[in-house]
Amino acid sequence: MFDPALFKLPGMRRLTVILALLAVVEGICIIIQAQFLSVAIVGLWHLKSLATILQPMLIFAIAWTGRQLLVVFKNWLMYPIVEKTSGKMRRQVMQKLYQLGPSYVAKTGTGNVVTTALEGIDKVQTYLMLVVIKVIDMMVIPWVILVYIAWLRWREALFLLAIFPLIILFMIILGYAAQAKADKQYVGYQRLSNHFVDTLRGLPTLKQLGLSKQYAHNVYQVSEGYRKQTMAVIKVAMLSTFALDFFTTLSIAVVAVFLGFGLINGTITLLPALVILVLSPDYFLPLRTFASDYHATLNGKNAFADVQKMLALPVPTDRDQLGEQPLAWQADSTLSLKQVDFSYDDQQPALKQLDLVAKGYQRIGIIGASGSGKSTLINLLGGFLSPMPGHGTIEVNGQPVSHLGQTAWQQSFFYIPQNPYLFHASLAENIAFYQPQAGLSAIGQAAEKAGLTAWIKTLPDGLNTQIGEGARGVSGGQAQRIALARAFLDDSRKILLFDEPTAHLDIETEAELKQTILPVFEHHLVFFATHRLHWINQMDYVLVMDHGAIVEQGTPAELAAHNGAYGHLRDEMVGAI
Amino acid sequence: MKAFFETFKHDTWVMPYLRKYKKLLALTLFLGLMTFFCGSALMFNSGYLISKAARHPYNILMIYVPIVLTRAFGIGRPAFRYAERITSHNWVLRIVSDFRKKLYQAVAKHAVAIRQNFQTGDVLSILADDIDHIENLYLRTVFPTVIAWLMYLMIVIALGYFSWWFGLLMLLMLGLIIIAMPLWSVLINGARESQSRKIQQTFYTQLTDAVMGLGDWLISGRKTDFYDRQTAPIDEIARLRRADHRFQWWRDFTIQLLFGIICLALLIWSSFYWTTNQASANWIAAFVLSVFPLVDAFQSVSQGVSEWPSYQRSIRRVNALDTTPVDETDQTVLTEQFSGLRVADLDFQYEAGTRPIFKKLNLSLAAGEKLALLGPSGTGKSTLLKLILGDLTPTSGSIQLNDVPISRLQNERAKLFGVLDQQPYLFNTSIMNNVRMGNPDATDAQVKAALKAVELAPLIEGLPDQYETVVEEGGARFSGGERQRIALARILLQDAPIIILDEPTVSLDPITESHLLATVFRVLQDKTILWVTHHLAGINYVDQVRFLEAGAFDMAGTPQELYATAPRFKRLYDLDQGHDEV
């Protein structure tokens, strides 16, 4: 019920003690309030005048106000810690994200990462706010009240004491039953609830097939099926709330009847009887409020665990083996990989026995069928993925490194994927992303070299036009040109990693873009993964990939000369087979 | 307040359903009311019971009725509450079924536009969420509020029966709690809502930028910038939440204080009204104690109502959907076999005053002919397809199948056109069901034959569930090429004379692409094909090639002619074949 991880939060232990003490005070307020309300009622019951009950009324009012102020005060004490914790958690998540890099995002899914960082932490905040105070209240207040009731009359206290575990027991039993029922129906249930979005997304297809009209009925039927299943689950799930309600209200009724008999028999007088009756709902109140927020706390608990799990993920270390300054890649610099293996799951290698040497301003093409490992290789070269430790060696300028996620290395290349990401910012800021201090004229020149000038002229605010998600749409070809403009703007990065930059472009756009790309190749080390064969004509060296291994490498002429994997792949790609 | 009525002025989503299923709604409200009534009545009755018992009646029978009633109310409250929960959920889910059908129909009208505008389906998820949201509007706001108001009326009338001035006082006091406080909440929250949404949006945008552009951040080495960027909205969000929480604490405090005052007022009133004799003094405890169970019910109204601004947005969004039925007069059928498609003098622009997409475009396609349409993105290839299918209407000029305008054949579309686009949608059901959608009357053997024709039989028969394998969401069980083949099998069963291929290979690698194209043109050899493609792989399968540029065709001819006569075509073709002599 009380997550041990909560206690590890700074300041939490001290706060718990304070909150528990305050709960005791709150319990005492509740008792005073009940006592003096009863005194006032009993006074009237004895047909006394209003003036005689003014004092108990005043004490009641003070205790009542004091109790409510305590509630606010407890929240007020709790909130700063919650705020600090959730704010810190958000920051930690962002820092962790930066350390984990894009391969984590690729594995987890953008949506999930955003959800964890945004809604997940919101849920954690709600959870912390709810759970601590409520659990403490539940563990303190009922017992304070019960002690007082016992002091007044032990029999009712005993009854109330006995019923408490019974309620919890029943809630647990029914909770499990509901869970079992829900589990049993979960698969079908999930399918039905996703069915609607599935159908909406498939609507164009339904229309093409002439089924869209009759499917409306199907949507209704499926939804009704969903309703019936949901109701079946709800009927059981709500039983646990029912049990709580049933036992608490019935207990109050039983106590009232007990007291009634006690009064008739003369074993008790009205005042203590009334106090007990007023106190019994308050005895159950903390349990009820805890139960009503149980689901919110459950979600929060899971979100809390998710965030903790993410924060505990291992991150690559040794990122400064090449120093912290960008590498100056020159005509005689070298990168070599010997017998390097990579695996996504530490078992099945996705890249096997990589051997390659890149020197100076070479242009290296990487080709292979889809799934042959081209992108994985580019990601390994970019340091987004780390090789299996102990499998092979990587050296940059003769200096061994354990992976290429080196600060110095990463600040020496540009990575241009199939869909370069455009930030939600102005076009100028996007181009100057790698050089935020660049002047507008330099940005303009880079845009010119990247062939963007004509397009920029059509934009309402020129270089200051907002682009990216939700703002102005940018075509695939233009996105590539923006990525190229980044490279033109920053000439200090001498390495270029291309991952199928033109795969989704139409042939005319690609032909035009190629004219822009080719000049960038000068004085750069280029890795160019593609399945568009014409690029190979501009390469000095080619790696042919198949099933995660480099099966052939050499100059295009060498490879074309002997009829091996390269020749075979070319034939297959142009549809000759 | 004005905005509130504005929201419902042309409402077709909330109010009509309050009228539909009226009985179930009334039952829900009744049960909800009984829940609170029993809660209060239990305390009322218990208070009376012990007051009466304390007078030591000579016979236990004197308190027999209150004893029975106490037990009855004690059992009644949980029972009514349980029943209320069940009926309210049942009612809401019933409405959700109606909502879904209605939303589906509204979206179906614009099915094609949706594919184009919202490729990711995000908007669809938003709309689907809106429906869930309206579901919460009923459960969290409407029901509790209405029930509390009914209870309020009952209390005021009952107390007014004993003394009109006290009834009036309670009308005011309780009114503060369940009318004034909620209104105050919604005003405060409404003002904060827009600000909050803006900050959330900034945070969301920056977060997406951070997550999706993570690679760029990492390589750029702008670590400090990355951290700093996130900090600002985090602090702002924290500030906002703090203000929210503070407001809630003090609001709840105020409500509790009002209840305290109500208790005191009851005591004072009782001292005047119920102290005339011993018998009537027994009622004092009853009245005072019955206040406490109300606190819960009345306090939740403010919270529920303060959520209104977010519901309002959902209601507005769904109400903005066009739900008017489609005009179906003037539709006809094609009496003879399809003989040709003709586009004559077509002019088109999206809205008056915008850039014209086509100017005097002419195209004719005889039955059995195969035509490839190329052109850079943005030249209107997809627009032309939509015009041909009748999803858009020409500004001037005509599009006809055998002399019948396409606009009059809309009900016949599925019989005339088969469409294979970039991402054919596979539904989350078995392969068999997916393919059979092409023709619901097809036998199992026909479905299997179609799958065999598209060369999927060996793959499917190797799967554990064979033809009953579920394709999973969006067809995720299969690769891009396989999904296209499943869709192709569906088109084969559909057996329409004209096939539109809308860049079906754009996301495939060249090897998969060339294999798929071979299959496509083999199985569809008898059909008329209009193929929009982004490059020249497989161009030799067609009879005619058209290049669309600036609203008109600038290259036209057979692939062989163009290769011989048009240098631009030759260069592009060579590029595609992997030759590039720059």
Side-chain angles (χ1 to χ4, degrees), chain A residues 41 44-45 47 50 64 68 72 75 83 87 90 94 102 110 113 197-198 200-205 207-210 212 216 219-220 223-224 227 234 238 242 245-246 249-250 253 256-257 259-260 263-264 270 273 369-370 410-411 421 423-424 434 506-508 531 533-534 537 572-575, chain B residues 46 49-50 53-54 67 70-71 74 77-78 82 85 89 93 97 100-101 104-105 108 111 115 121 124 128 205 207 209 211-215 218-221 230 234 238 249 253 256 260 267 270-271 275 281 284-285 376 414 419 425 427-428 437 509-511 514 534-535 572 575 577-578 580:
Chain A
I41 293 174
L44 291 179
W45 184 79
L47 304 180
L50 180 63
W64 176 275
Q68 304 308 333
V72 176
N75 282 323
E83 186 181 281
R90 278 191 215 277
M94 295 319 293
T110 311
V113 175
V197 177
D198 191 46
L200 284 184
R201 290 188 183 174
L203 247 170
T205 303
K207 200 164 183 182
Q208 286 159 8
L209 295 170
S212 59
V219 165
Y220 185 78
S223 190
E224 281 292 277
R227 174 174 70 84
I234 282 181
M238 299 251 171
F242 175 75
D245 252 3
F246 181 79
T249 47
L250 197 64
V257 173
L259 292 170
L263 285 162
I264 289 188
L270 180 60
S370 69
Q410 289 193 322
Q411 289 184 39
Y421 183 72
F423 292 88
H424 183 89
Y434 286 80
D506 64 272
I507 187 76
E508 288 183 272
H531 51 229
L533 288 169
H534 59 87
N537 301 308
E572 212 176 359
M573 281 185 174
V574 298
Chain B
S46 305
L49 168 68
I50 62 168
I67 286 177
T70 302
R71 286 184 182 145
R77 194 194 115 88
Y82 180 71
R85 290 277 197 88
H89 275 90
L93 287 170
S97 297
R100 289 188 163 174
K101 184 175 176 185
Y104 172 87
Q105 284 168 332
R115 166 52 70 84
L124 298 178
T205 315
L207 196 59
D209 264 3
V211 173
M212 296 184 73
L214 192 55
L218 198 62
I219 301 165
S220 71
Q230 311 303 330
I234 288 177
W249 301 339
F253 176 77
Q256 292 283 359
L267 282 172
S270 304
S271 75
T275 47
I284 298 173
V419 182
Y425 200 81
F427 293 86
N428 191 2
M437 287 178 122
D509 72 280
I511 299 173
S514 73
H534 65 295
H535 67 158
L572 295 177
L575 266 186
Q577 292 292 307
D580 184 18

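When reading the values below, keep in mind they use all heavy atoms of this one structure, side chains included, and skip hydrogens, waters and symmetry mates. Throughout, a chain's letter reflects where its sequence line sits, starting with A, and its residues are numbered from 1.
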Discussion item. I need the residue from B:L218, B:L49, B:I284 with the largest number of non-hydrogen atom pairs under 4.5 Å to chain A.
Written reply: B:L218
Worksheet item: If you measure from OH on A:Y434 to CD1 on B:I219, what distance do you get to the nearest 0.5 Å?
Response: 4.0 Å
Fill in: Closest non-hydrogen atom pair between A:V72 and B:F253, with its separation
CG2-CB, 4.0 Å
Worksheet entry | Value rounded to 0.5 Å, distance of CD1 in A:I41 from CG in B:L267 | 6.0 Å
Item to complete: Could you grab the distance from atom CZ of B:R85 to atom CG of A:D245, nearest 0.5 Å is fine?
Response: 8.0 Å
Response to the item:
Residue from B:G260, B:P510, B:A414 scoring the most non-hydrogen pairs under 4.5 Å with chain A is B:P510
Worksheet item: Any side-chain heavy-atom pair from B:H535 and A:D506 closer than 4.5 angstrom?
Response: no
Practice prompt. Could you tell me which of A:L270, A:L533, A:V257, A:L44 has the largest number of non-hydrogen atom pairs under 4.5 Å with chain B?
Written response: A:L44
Worksheet item: So what's closer than 4.5 Å to chain B heavy atoms on A:E83: side chain, backbone, both or neither?
Response: side chain
Discussion item. For a side-chain contact (heavy atoms from CB on, under 4.5 Å) check, start with the C-alpha distance between B:Q256 and A:W64, then their side-chain angles and the critical distance, and finish with the verdict.
Written reply: CA-CA 9 Å; B:Q256 292 283 359; A:W64 176 275; 3.6 Å; yes
Worksheet item: For the atom pair CD1 (B:I50) and CD1 (A:I264), what is the distance rounded to the nearest 0.5 Å?
Response: 12.0 Å
Practice prompt. Tell me, out of B:A281, B:A238, B:G215, B:G213, who's got the most heavy-atom pairs with chain A below 4.5 Å.
Written response: B:G213
Response to the item:
Greatest number of non-hydrogen atom pairs under 4.5 angstrom with chain B, of A:R227, A:Q410, A:Q411, A:E224, falls to A:R227
Worksheet item: Which distance, rounded to the nearest 0.5 Å, do you find between the CG of A:N537 and the CG of B:L575?
Response: 9.0 Å
Fill in: Atom pair OH (B:Y82) and CE (A:M238), whose distance is rounded to the nearest 0.5 Å
8.5 Å
Fill in: Residue pair B:A53 / A:G260: nearest heavy atoms and the distance that separates them
CB-O, 3.4 Å
Worksheet item: Which bit of A:W45 comes within less than 4.5 Å of chain B, counting heavy atoms only: side chain, backbone, both or neither?
Response: both
Worksheet entry | Worked check of side-chain contact (heavy atoms from CB on, under 4.5 Å) between B:L207 and A:M94 | CA-CA 9 Å; B:L207 196 59; A:M94 295 319 293; 3.5 Å; yes
Worksheet item: Quick one: side chain to side chain donor-acceptor pair (under 3.5 Å) partners of B:R71, sequence neighbours excluded?
Response: none
